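First comes the structure, then the notes that go with it.
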4 protein chains.
Amino acid sequence: MVFSLCPRARQRRKDARPGELMTAALEVFAERGFAATRLDEVAKRAGVSKGTIYLYFDSKEALFKAAVESAIIPALEAGEAIAADPAKSPGEALREFVFWWWEKVGSTDIGALPKLLVAEIGNFPELGIWFHENMIQRGKRAVVGIIARGVASGDFRPVEPLGVARIVFAMMFSYVLWRRALGAAMPDLPEPEDYFEQALDLLTHGLKRTPPCA
Amino acid sequence: MVFSLCPRARQRRKDARPGELMTAALEVFAERGFAATRLDEVAKRAGVSKGTIYLYFDSKEALFKAAVESAIIPALEAGEAIAADPAKSPGEALREFVFWWWEKVGSTDIGALPKLLVAEIGNFPELGIWFHENMIQRGKRAVVGIIARGVASGDFRPVEPLGVARIVFAMMFSYVLWRRALGAAMPDLPEPEDYFEQALDLLTHGLKRTPPCA
Amino acid sequence: MVFSLCPRARQRRKDARPGELMTAALEVFAERGFAATRLDEVAKRAGVSKGTIYLYFDSKEALFKAAVESAIIPALEAGEAIAADPAKSPGEALREFVFWWWEKVGSTDIGALPKLLVAEIGNFPELGIWFHENMIQRGKRAVVGIIARGVASGDFRPVEPLGVARIVFAMMFSYVLWRRALGAAMPDLPEPEDYFEQALDLLTHGLKRTPPCA
Amino acid sequence: MVFSLCPRARQRRKDARPGELMTAALEVFAERGFAATRLDEVAKRAGVSKGTIYLYFDSKEALFKAAVESAIIPALEAGEAIAADPAKSPGEALREFVFWWWEKVGSTDIGALPKLLVAEIGNFPELGIWFHENMIQRGKRAVVGIIARGVASGDFRPVEPLGVARIVFAMMFSYVLWRRALGAAMPDLPEPEDYFEQALDLLTHGLKRTPPCA
DNA sequence: CATGAATGAGTTTTCATTCAT
DNA sequence: TATGAATGAAAACTCATTCAT
């Protein structure tokens with residue numbers, strides 16, 4: 001058997017195609033936004049011709065929505081798995097949540113969604129509502145659970161759990177945007193481990209020096 | 001021929017036109033993104049006809065850049081004024097910085113820039129570099145100064161000032177994006193005062209309960 | 001004043017444009033059918049660029065419907081005027097109706113509709129219903145009135161008026177189609193006056209020789 | 001490998017394919033017109049895949065022409081048989097011709113041709129010439145023969161035979177178009193027997209009441 | 001032979017840009 | 001200056017035609 005030097009012009013991969021197209025599309029949409037994305041470019045990245053897209057999707061908008069959902073669905077499923085493990089201390093659980101999120105969400109395909117969302121929400125308002133209800137709310141609930149447990153156990157000060165969740169999300173949301181959107185322009189952006197470690201430390205111990213006991 | 005009843009009106013109008021156009025443009029660009037923005041819509045919001053735009057700007061891109069700069073310049077000028085007032089305690093100075101930023105930047109026209117930046121950086125990479133160098137770096141330097149002073153004075157723990165600045169910016173950046181982009185979809189978004197107050201409190205005192213002195 | 005040798009590239013004739021476009025469109029649609037008509041061709045015949053069409057019509061289909069209606073409406077109005085003049089003998093009234101129809105309908109722009117209708121009814125069924133109700137029914141009613149009057153007065157045999165109307169319409173419908181569609185292929189097609197004269201004579205007196213009175 | 005249980009089926013199928021395709025094609029072409037017809041639809045109606053069409057026909061146009069001819073050829077052959085039977089009275093012969101035409105032409109696949117012809121003559125002028133020469137002329141000659149015989153025998157008034165043939169064809173042509181094109185929109189269209197009976201009666205005896213012999 | 005996924009030329013449609021008024 | 005009708009290049013979309021299986 002020999003290796004084909006030139007890839008076959010016409011491949012036949014009906015089953016794999018939609019996924020390939022959605023992956024390529026999500027990439028370009030996240031890079032350029034919906035309106036600035038040319039289907040030619042998506043087709044090129046998926047290694048097919050423009051017309052092929054229309055075998056699987058009715059329109060550019062349909063492709064956009066399918067691509068977004070295809071990234072969201074595994075995130076949703078992953079979200080189900082975030083069970084606050086009661087064996088862990090609340091501080092440990094929070095740390096695990098953040099690192100789990102980065103590994104399974106922020107650093108994967110799904111991590112392209114926040115940028116896309118911010119950019120396109122003005123043009124696809126229903127996308128924002130969907131995203132908020134299904135992703136943000138759900139994530140916050142997980143964090144709120146952890147914090148509330150910590151407050152109840154006396155590990156944490158009597159803080160407002162939702163307020164803490166907002167800060168945690170601000171930190172994750174910002175990092176993924178900075179990395180995805182401003183990556184090239186921000187050479188001083190730290191590695192995720194360092195960033196999250198440092199941020200969690202600050203969040204945990206605060207800025208203020210604890211006065212020595214008298 | 002008839003006499004104009006108000007001969008100065010047109011003159012005044014003429015001088016104000018570029019500004020009016022840039023304001024309207026920034027609004028629409030921030031809402032829809034560069035590619036999805038129609039000059040028809042910008043013209044309509046500015047109350048002029050589409051052709052008029054071309055009397056003042058060479059192209060859609062020129063208008064975009066002018067609109068962005070017109071929002072950035074006052075922000076830059078305002079930035080100059082953030083002198084860390086040595087009379088204030090570091091904690092107080094940080095709080096003042098955050099609220100000043102919201103009042104003078106986040107809640108004004110300039111607050112549209114982060115969304116625009118996130119959305120368009122893929123299409124206008126130079127915009128990202130410019131923005132990072134002129135806005136983010138400068139802002140961070142101000143915060144770093146405050147934190148370093150606090151650490152030196154013993155008010156703060158010996159934290160890494162740049163790391164703190166990142167958290168502070170994450171909090172501001174996220175809030176302005178949530179408000180601008182997700183506003184309609186997030187009915188539970190708190191008022192800025194509450195959000196920043198709560199976040200600063202957390203940042204200052206941390207989550208962890210301080211154990212009572214033995 | 002001199003005559004402009006080259007027509008101005010950019011004319012400004014907002015009020016006249018829709019009509020010009022619809023006229024050109026009806027022409028091409030009638031020639032080629034809806035699907036085979038290219039908007040480029042319509043634009044060329046109307047002396048504008050392709051984009052101009054979209055200033056006045058939302059889509060090719062909208063242009064099609066507007067063009068059809070614009071031809072139908074004057075026909076409808078003309079139809080209102082067909083009052084069976086009671087001063088005329090029924091034979092005379094029938095003759096006048098047929099010639100009026102040819103002059104005001106068959107030989108005008110409206111005469112393109114039957115061909116268009118036959119060709120496009122499979123793709124635009126609602127067009128057929130509209131056409132039948134508004135044009136065919138109305139025309140038949142006029143003829144039925146004339147025939148019924150003739151039967152009542154004893155000028156005509158006791159025929160079924162609707163059956164006669166069908167024959168009269170068959171004759172008009174066929175002629176207009178033959179002339180419009182097959183014109184080039186049927187060099188022996190008679191002039192309308194001769195055709196209708198001959199047809200009316202046949203219809204009036206029949207084929208059968210009247211036996212001489214005994 | 002399995003044995004085919006019915007080894008001849010495929011063979012028989014293969015021979016029948018072109019005919020099945022042409023029948024399906026004529027149907028769709030007559031419904032939608034040439035340009036609006038999708039080969040996908042033709043294939044579906046013929047129960048094969050789109051690619052199969054190209055095993056038998058070089059192009060859409062070739063399929064169109066073949067489908068048209070396949071309907072025309074039996075009509076031509078049938079036409080040869082219309083010998084004016086001298087045993088019949090001219091009135092009887094005319095009546096037989098019309099009913100023969102309906103049964104063998106108008107109500108069969110061939111009856112789709114007039115609609116197709118009217119619709120596509122602008123795009124296929126040669127089709128019009130062919131159709132006129134081979135179908136219309138030939139049919140008219142048959143009718144002209146009958147009428148001339150009737151005039152010569154004194155059964156008919158001394159009418160112009162070609163003029164009569166035109167009326168007879170107008171009646172047949174209109175009916176087949178109305179039925180095929182406007183069928184759904186014209187619920188009051190009479191049955192062919194009634195229509196032709198009534199029309200022939202009118203044509204034979206005329207509208208005018210014959211004055212009683214003095 | 002038959003299939004139907006893939007292609008790409010050809011159309012429709014959009015909209016930044018121009019320019020006669 | 002200001003207007004907005006007109007333009008035409010560019011992008012979305014369709015579908016006859018091809019070809020690997």
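Residue numbering restarts at 1 for every chain, and letters A, B, ... go by the order of the sequence lines. Since the structure is predicted, the reported quantities are computational estimates derived from the model, not experimental observations.
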Round to the nearest Å and state the distance from [X] atom [atom1] to [N] atom [atom2].
{"X": "R32(D)", "N": "dC15(F)", "atom1": "CZ", "atom2": "P", "result": "11 Å"}
{"X": "K44(B)", "N": "dG4(F)", "atom1": "NZ", "atom2": "P", "result": "13 Å"}
{"X": "L63(B)", "N": "dA16(E)", "atom1": "CG", "atom2": "C1'", "result": "12 Å"}
{"X": "L21(C)", "N": "dA5(F)", "atom1": "CG", "atom2": "P", "result": "13 Å"}
{"X": "D40(D)", "N": "dG4(E)", "atom1": "CG", "atom2": "C1'", "result": "9 Å"}
{"X": "F34(A)", "N": "dT14(E)", "atom1": "CZ", "atom2": "P", "result": "13 Å"}
{"X": "D58(A)", "N": "dC13(F)", "atom1": "CG", "atom2": "C1'", "result": "11 Å"}
{"X": "E41(D)", "N": "dT14(F)", "atom1": "CD", "atom2": "P", "result": "16 Å"}

Can you identify which nucleotide, out of [options], has its nearest atom closest to the [X] side chain?
{"X": "Y54(B)", "options": "dA6(F), dT3(E), dA16(E)", "value": "dA16(E)"}
{"X": "T52(B)", "options": "dA12(F), dA6(E), dT3(F)", "value": "dT3(F)"}
{"X": "S49(D)", "options": "dT12(E), dC15(F), dG4(E)", "value": "dG4(E)"}
{"X": "L55(A)", "options": "dA16(F), dT17(E), dA6(E)", "value": "dA6(E)"}

Using 30° and 60° as the class boundaries, would you call the ring planes of F64(C) and F29(C) parallel, tilted or perpendicular? perpendicular

Going through the distances and angles, do I121(D) and K115(C) end up as a side-chain contact (heavy atoms from CB on, under 4.5 Å)? CA-CA 10 Å; I121(D) 199 155; K115(C) 174 172 190 285; 4.2 Å; yes

Where do Y56(C) and M22(C) land on the side-chain contact (heavy atoms from CB on, under 4.5 Å) test, with the steps shown first? CA-CA 10 Å; Y56(C) 300 98; M22(C) 288 187 291; over 6 Å; no

When all nucleic acid strands are considered with a 4.0 Å heavy-atom cut-off, which category describes Y56(A): base, sugar-phosphate, or nothing?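 Sugar-phosphate only.
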
Under 4.0 angstrom, heavy atoms only, what part of the nucleic acid is L39(C) near: base, sugar-phosphate, or nothing? sugar-phosphate

Need to verify one output field. Residue with the more 5' nearest nucleotide on DNA chain F, G51(D) or I53(C)?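 Whichever sits nearer the 5' end wins; that is I53(C).
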
Steps toward side-chain contact (heavy atoms from CB on, under 4.5 Å) verdict (E41(C), E27(C)): CA-CA 10 Å; E41(C) 166 96 17; E27(C) 212 176 289; over 6 Å; no

Determine whether any donor atom in the side chain of K60(D) lies under 3.5 Å from an acceptor atom in the base of dT17(F), or the reverse, and answer yes or no.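 No, the side chain and the base share no sub-3.5 Å donor-acceptor pair.
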
Would you kindly check whether a donor in the side chain of K50(C) faces an acceptor in the base of dT13(E), or vice versa, at under 3.5 angstrom?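 Between dT13(E) and K50(C), which were checked side chain against base, a qualifying N/O pair under 3.5 Å is present.
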
Phosphate OP1/OP2 of dT1(F) contacted by R17(B) side-chain N/O (<4.0 Å):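 R17(B) to dT1(F) OP1/OP2: no side-chain N or O under 4.0 Å.
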
Hey, is E31(B) close enough to R45(B) for a salt bridge, meaning N to O under 4.0 Å?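 Yes, E31(B) and R45(B) are salt-bridged.
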
Got a salt bridge between E61(B) and K65(B), using NZ or NE/NH1/NH2 to carboxylate O under 4.0 Å? yes

For a side-chain contact (heavy atoms from CB on, under 4.5 Å) check, start with the C-alpha distance between V42(B) and L63(B), then their side-chain angles and the critical distance, and finish with the verdict. CA-CA 10 Å; V42(B) 172; L63(B) 173 63; 4.3 Å; yes

Map every base of DNA chain F to its dot-bracket character, where paired means a Watson-Crick or G-U wobble contact with both distances under 3.5 Å and | marks a partner outside the strand. .||||||||||||||||||||

Taking for T37(B) and for V48(A) the nucleotide of DNA chain E with the nearest heavy atom, the one nearer the 5' end belongs to V48(A)

A36(B) or A35(C): which one's nearest nucleotide on DNA chain E is closer to the 5' end?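 Closest to the 5' end, via its nearest nucleotide, is A35(C).
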
Could you give the distance from CG (L113(C)) to CD (E69(C)), rounded to the nearest 0.5 Å?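 The CG atom of L113(C) sits 10.5 Å away from the CD atom of E69(C).
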
